Amino acid sequence: MEPDSHKIRMSQEQQTRQEEAALQKSSGLEFQTADEVIRYDAAQTPPPQRIERRVRDSVNREEAERLPWWRRWFGG
Amino acid sequence: MADANEFELPAATRTGAWETTGFGAVYAEHARAIYYLALRILGDETQAEDATHDVFVKAFRKFGQFRGESAVRTWLYRIAINHCRNLLQSWHARKMISGADDLLLERASAVDENPLRVLETKELGQRIQRTLDVLPEEYRLLLLLVADERLSYNEVAGLTGQSADAVRGKLHRARRAFAAAFVQTA
């Protein structure tokens, strides 16, 4: 019986350690270097969608203005 | 009375340069990196949005002259760095902006190589910004560029106007200064 209770206790302790580790992981982030933390932040920081619309409109407008008037009218 | 459709541009013109030149694909691939660099250099979301727009429009104007002597990413970074520097210079000219914290940089030499800890992702961006804000511009730029894994040390050296060896040396000091400042922002 003794070895069995020992096994159970070991198993419970292991489970507790795993739970503590999981809790620590979920309640905080840890980085080893500045590069690592900046890289993580960059990955979490997408540019707002509206910038793409603005750039697209500006680019299309600039290109259209480069065309001579007759091409703009007739698409030649 | 004239039909409104009469004055619409022909379909060939409405399919804009965004699609026909392939510039849309360039934006899709590099916008995140350029926006992030602008955000962390300027420290303001609205200014970073405007800067990202302006950088890509400038790039589009020169797109036809781009000869591929450097990677597109490096070329865009160069435009972005110059653009942000010009903005910062005009801000500095208009108001006093505090520079690097000398005391902090002195303390950096005594910092242990401890991990950088943060409780929540949402506070991470603010802490990184506060940390970068107290570093010298040179360190800030080095750290931001080196964090982009697509850039080699030689490309970072080219963008910052120094040798790759100088980049390695300064990077070591920049990382320590960042760690020292990051701890203080907790």
Side-chain angles (χ1 to χ4, degrees), chain A residues 7-76, chain B residues 7 9-21 23-24 27-28 31-40 45 48-50 52-57 60-61 63 113 115-121 124-125 127-129 131-132 143-144 146-149 171 174-179 182:
Chain A
K7 271 185 193 172
I8 290 167
R9 202 180 69 236
M10 290 290 282
S11 167
Q12 283 172 340
E13 282 175 3
Q14 191 181 1
Q15 192 181 346
T16 307
R17 277 198 299 275
Q18 283 172 349
E19 283 169 359
E20 281 173 355
L23 184 66
Q24 209 169 17
K25 203 172 178 180
S26 69
S27 63
L29 300 162
E30 190 174 295
F31 305 93
Q32 296 304 315
T33 63
D35 312 13
E36 209 178 291
V37 71
I38 291 172
R39 204 169 291 135
Y40 180 87
D41 184 44
Q44 307 295 315
T45 313
Q49 286 284 317
R50 59 183 168 269
I51 305 178
E52 179 175 344
R53 282 198 300 276
R54 283 179 63 193
V55 178
R56 179 197 294 258
D57 289 348
S58 298
V59 160
N60 287 343
R61 194 169 48 247
E62 290 221 356
E63 187 67 1
E65 284 169 3
R66 279 185 203 169
L67 294 172
W69 67 268
W70 53 271
R71 281 194 65 188
R72 275 182 264 157
W73 277 96
F74 301 112
Chain B
F7 298 108
L9 295 175
T13 315
R14 285 202 304 271
T15 304
W18 187 257
E19 292 83 10
T20 56
T21 61
F23 196 74
Y27 180 89
R32 180 185 285 264
I34 298 302
Y35 172 72
Y36 187 74
L37 183 81
L39 177 65
R40 293 292 170 238
E45 287 179 12
E49 278 189 44
D50 289 345
T52 304
H53 167 268
D54 295 350
V55 165
F56 276 98
V57 172
F60 176 73
R61 288 176 189 149
F63 195 42
E113 299 287 341
L116 304 164
R117 292 195 179 88
V118 64
L119 282 178
E120 291 182 64
T121 305
L124 185 63
R127 283 192 61 187
I128 288 177
Q129 190 64 59
T131 303
L132 291 172
L143 290 168
L144 289 168
V146 168
D148 185 338
E149 289 176 306
L171 190 57
R175 283 174 176 144
R176 293 181 79 91
F178 183 95
F182 192 81

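This one's a predicted model, so the numbers in the text were calculated from it and none came from an experiment. The chains referred to below are lettered A, B, ... by the order of the sequence lines, with proteins before strands, and numbering in each begins at 1.
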Backbone N or O of [Y] within a donor-acceptor pair of the [X] side chain at under 3.5 Å?
{"X": "Y36(B)", "Y": "P46(A)", "value": "no"}
{"X": "R32(B)", "Y": "A43(A)", "value": "yes"}
{"X": "D35(A)", "Y": "A147(B)", "value": "no"}

Give, for atom [atom1] of [X] and atom [atom2] of [Y], the distance between the pair rounded to the nearest 0.5 Å.
{"X": "D57(A)", "Y": "H53(B)", "atom1": "CG", "atom2": "NE2", "answer": "8.0 Å"}
{"X": "D50(B)", "Y": "I51(A)", "atom1": "CG", "atom2": "CD1", "answer": "8.5 Å"}
{"X": "T45(A)", "Y": "I128(B)", "atom1": "OG1", "atom2": "CD1", "answer": "7.5 Å"}

Work out which heavy atom in [X] is nearest to a heavy atom in [Y]; give both atom names and the distance.
{"X": "G125(B)", "Y": "D41(A)", "answer": "CA-OD1, 3.6 Å"}
{"X": "W18(B)", "Y": "V59(A)", "answer": "N-CG1, 4.0 Å"}
{"X": "Y35(B)", "Y": "P47(A)", "answer": "CD2-CA, 3.5 Å"}

Region of [X] in contact with chain A, defined by heavy-atom distances below 4.5 Å:
{"X": "L143(B)", "value": "both"}
{"X": "F60(B)", "value": "both"}
{"X": "L37(B)", "value": "neither"}
{"X": "R40(B)", "value": "side chain"}

Sort E62(A) into side chain, backbone, both or neither according to what part of it lies under 4.5 angstrom from a heavy atom of chain B.
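For E62(A), side-chain heavy atoms alone lie under 4.5 Å from chain B.
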With a 4.5 angstrom heavy-atom cut-off, is it the side chain or the backbone of R50(A) that approaches chain B, or both, or neither?
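For R50(A), the contact with chain B is made by the side chain alone.
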Might you work through the salt bridge (Lys or Arg N to Asp or Glu O under 4.0 Å) test for R39(A) and D148(B), ending with a clear yes or no?
CA-CA 7 Å; R39(A) 204 169 291 135; D148(B) 185 338; over 6 Å; no
Show, in sequence, the C-alpha distance, side-chain angles and deciding distance for E36(A) and R175(B), and conclude whether the salt bridge (Lys or Arg N to Asp or Glu O under 4.0 Å) test is met.
CA-CA 11 Å; E36(A) 209 178 291; R175(B) 283 174 176 144; over 6 Å; no
Would you find more than 12 non-hydrogen atoms of other residues, nucleotides or ligands less than 6.0 Å from E63(A) atom CD?
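More than 12 within 6.0 Å, yes.
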